[in-house]
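Notes for the one structure printed next.
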Amino acid sequence: MTPRFFNTLGRRVEALAPAQAGKVGLYTCGPTVYNHAHIGNLRTFLFEDILRRSLEYLGYEVHQVMNLTDVDDKTIQGAHAAGLGLDEYTEPFIASFFEDLATLRVQPAQEYPRATHHVAEMIELTEELVARGHAYEKEGSVFFRIASDEDYGKLSGVDVDQVVQGDRVASDEYGKDDVRDFVLWKAAKPGEPTWDSPWGPGRPGWHIECSAMSMKYLGNSFDIHCGGVDNIFPHHDNEIAQSESATGEPFAKVWLHSEHLIVEGQKMSKSLGNFYTLKDLLALGKDPRAMRYLLLSVNYRQKLNFTFEAIEASGAALRRLDEHRFRLQHAVESGEAKPRVAELCEGLTSDFGAALADDLNLSAALAVLFGFIKETNIVIESGGLGAGDRERILTALARVDQVLAVLDPSQWTQASAEGPSDEEIQGWVDERDAARRRRDFARSDELRDRLAELSIVLEDTPDGTRWKRG
RNA sequence: GGCGACGUGGCCAAGUGGUAAGGCAAGGGUCUGCAAAACCCUCAUUCCCCGGUUCGAAUCCGGGCGUCGCCUCCA
């Protein structure tokens, strides 16, 4: 099935048409490693993970590149304030970033190029822009001349002539010809890390790194470019301007942007005290699996209202899914395979794919999943499963979990050897059943209470007692 | 000032011209020695307000109210 996406460039939904059939080149704007990632950043990375996994679900081979911005104003300032070298300063944040991705089970990209390792490519691209008359040098800095680019701003639709100039433009800049021009190369300032260039020592501007690295790994033209909505202008407009002016070829074909998340209805900010990193939430005892579920359950083009209540609701939704898996494991198979089960499994995998193909409609995809859960519960309840049905259902669930990555609790639990073993627990459960059979309810309730204290949940059913850790 | 998004049941959230998905919560039922857990069922004549177009609108158009984002290095 051919997926359709809302392309920011043109602002309409269009069918994906990769340059190479069956293969997708994907560039995703990565983190600036001056701090731990906050949940807003992670929403975007999770959206990109879902995109990547969805494309793979639909049969595409995806080549994903995500940059690490390890040199810019913030990293330089941070390193300076900490009295560290740039690398020394960014390294722990890079490590922290990869930890967070692993915690949320984000599938790694094939490449994570770092800006500081690609300065040569950026210089080369800048030289090309100068040679073509799209950029000019001024006191050791190089600027992109916006007036030289006919369709500048085509992504955001911003009319540059109308842009109100902020006060800070003047402060950081170095005498541009036109106040709207943006910097490609910054002349060295005292105390900043520098690289040698044809214009003297300096460091790259921010926008140029994504152009240089995306084209290096994916070619001058590639299929999809992603980022947060805040990057549309100016970052992505500038990338397009630089890249297309330098190569004369179209840059990324499809642009996908994820909306921001807000916290308890308000913009997340440190001053409001509602600013959270993933590590903050883990420290509060929040379940990373529920966070992945929450962050992926809302359409990426919709603002996501992140609340503690919503984390709880996500956890409850997961418990329902876990319960289904649990029932499945204890269900008895008898007789021939049920045609209804095969039909449901078929429906799940195809309807789920159709929802993904519709601009990553995860809400619809989850509705398909819950419909499947309910229907298979009914089959289990009325008459039970036939030979091979359990495996059939588990296989279908594993298929959709290639995208969701939240369905299998065993992938998430850190093995804790705390408490009694399964065998011990089973022994007490058996003993309680025996007491119940001889109607010694005092004894059976005593055992039930003891197990409850160990947060073992019992489920008495007509087929016997099942138990699970709560 | 410019550009853009959004407003759907108690909460979260799909649906963008054909008569309101799904999750959480809530209520009822089944099961049970009693419970618990679980499962099943029920739960918006209506989609911020007012006009208009249409056989038909939550969906399109106009106006209003409200919330929010971007406007030179914030995902």
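Residue numbers begin at 1 in each chain, while the letters A, B, ... track the order of the sequences.
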Please determine whether the number of non-hydrogen atoms from other residues, nucleotides or ligands lying under 6.0 Å from atom NE2 of His330(A) exceeds 12.
yes
Verify side chain to side chain contact (heavy atoms under 4.5 Å, CB included) between Phe306(A) and Ile311(A), making sure each step is shown before the conclusion.
CA-CA 8 Å; Phe306(A) 187 93; Ile311(A) 300 176; 3.6 Å; yes
Suppose you measure atom [atom1] in [N] against the same atom in [M]; what distance do you get, rounded to whole Å?
{"N": "C34(B)", "M": "C43(B)", "atom1": "C1'", "value": "30 Å"}
{"N": "A13(B)", "M": "U30(B)", "atom1": "P", "value": "36 Å"}
{"N": "U46(B)", "M": "G9(B)", "atom1": "P", "value": "13 Å"}
{"N": "U42(B)", "M": "C3(B)", "atom1": "C1'", "value": "47 Å"}
{"N": "A58(B)", "M": "U8(B)", "atom1": "C1'", "value": "7 Å"}
{"N": "U16(B)", "M": "A21(B)", "atom1": "P", "value": "13 Å"}
{"N": "G69(B)", "M": "G17(B)", "atom1": "C1'", "value": "29 Å"}
{"N": "C6(B)", "M": "C47(B)", "atom1": "C1'", "value": "14 Å"}

Using a heavy-atom cut-off of 4.0 Å across all strands, would you classify [X] as base, sugar-phosphate, or nothing?
{"X": "Ala367(A)", "answer": "base"}
{"X": "Gly227(A)", "answer": "sugar-phosphate"}
{"X": "Ala316(A)", "answer": "sugar-phosphate"}
{"X": "His235(A)", "answer": "nothing"}

With a 3.5 Å limit on both atom pairs, tell me what [N] is paired to, counting Watson-Crick and G-U wobble, or say none.
{"N": "A57(B)", "result": "none"}
{"N": "C39(B)", "result": "G29(B)"}
{"N": "A44(B)", "result": "none"}
{"N": "A21(B)", "result": "none"}

Any N/O pairs under 3.5 Å between the protein and nucleotides 14-17 of chain B? List them or say none.
{"from": "A14(B)", "atom 1": "OP1", "to": "Asn299(A)", "atom 2": "N", "distance (Å)": "3.3"}
{"from": "A14(B)", "atom 1": "O5'", "to": "Ser363(A)", "atom 2": "OG", "distance (Å)": "3.4"}
{"from": "A14(B)", "atom 1": "O3'", "to": "Asn361(A)", "atom 2": "ND2", "distance (Å)": "3.1"}
{"from": "A14(B)", "atom 1": "O2'", "to": "Asn361(A)", "atom 2": "ND2", "distance (Å)": "3.4"}
{"from": "G15(B)", "atom 1": "OP1", "to": "Asn361(A)", "atom 2": "ND2", "distance (Å)": "3.3"}

Identify the heavy atoms of Gly265(A) and Asn305(A) that sit nearest to each other, and give their distance.
N-OD1, 2.8 Å
If you find the nucleotide of RNA chain B closest to Pro234(A) and the one closest to Arg11(A), which residue's nucleotide is nearer the 5' end?
Arg11(A)
Pair [X] and [Y], ring centroids less than 6.0 Å apart:
{"X": "Phe45(A)", "Y": "Phe97(A)", "value": "yes"}
{"X": "Phe251(A)", "Y": "Phe222(A)", "value": "yes"}
{"X": "Phe93(A)", "Y": "His36(A)", "value": "yes"}

Please determine, by modelled atom types, if Tyr300(A) and Asp359(A) share a side-chain donor-acceptor pair under 3.5 angstrom.
yes
Is there a donor in the side chain of Asp72(A) and an acceptor in the side chain of Thr32(A), or the other way round, less than 3.5 Å apart?
no
Tabulated below should be each protein N or O lying under 3.5 Å from an N or O of nucleotides 26-28 of chain B; please produce it.
none

Measure distances between side-chain N and O atoms of His38(A) and base N and O atoms of A75(B), and say whether any donor-acceptor pair falls under 3.5 Å.
yes
Run the side chain to side chain contact (heavy atoms under 4.5 Å, CB included) test on Thr103(A) and Arg292(A) for me, step by step, so that the C-alpha distance in whole Å, both residues' side-chain angles and the decisive distance to 0.1 Å come before the verdict.
CA-CA 9 Å; Thr103(A) 300; Arg292(A) 179 175 170 100; over 6 Å; no
Donor-acceptor check, side chain of Ser96(A) to backbone of Pro92(A), threshold 3.5 angstrom: yes or no?
no
Take nucleotides 30-42 of chain B nucleotide by nucleotide from the 5' end and write B, S or -, depending on whether a protein heavy atom sits under 4.0 Å from the base, only from the sugar-phosphate, or from neither.
---BBBBSSSSS-
Please determine, for the side chain of Asp230(A), which listed nucleotide (C73(B), A75(B), G22(B)) has the closest atom?
A75(B)
Given Phe372(A) and Phe352(A), is the ring pair (Phe, Tyr, Trp, His ring centres under 6.0 Å) satisfied, shown in steps?
CA-CA 10 Å; Phe372(A) 175 82; Phe352(A) 188 83; over 10 Å; no
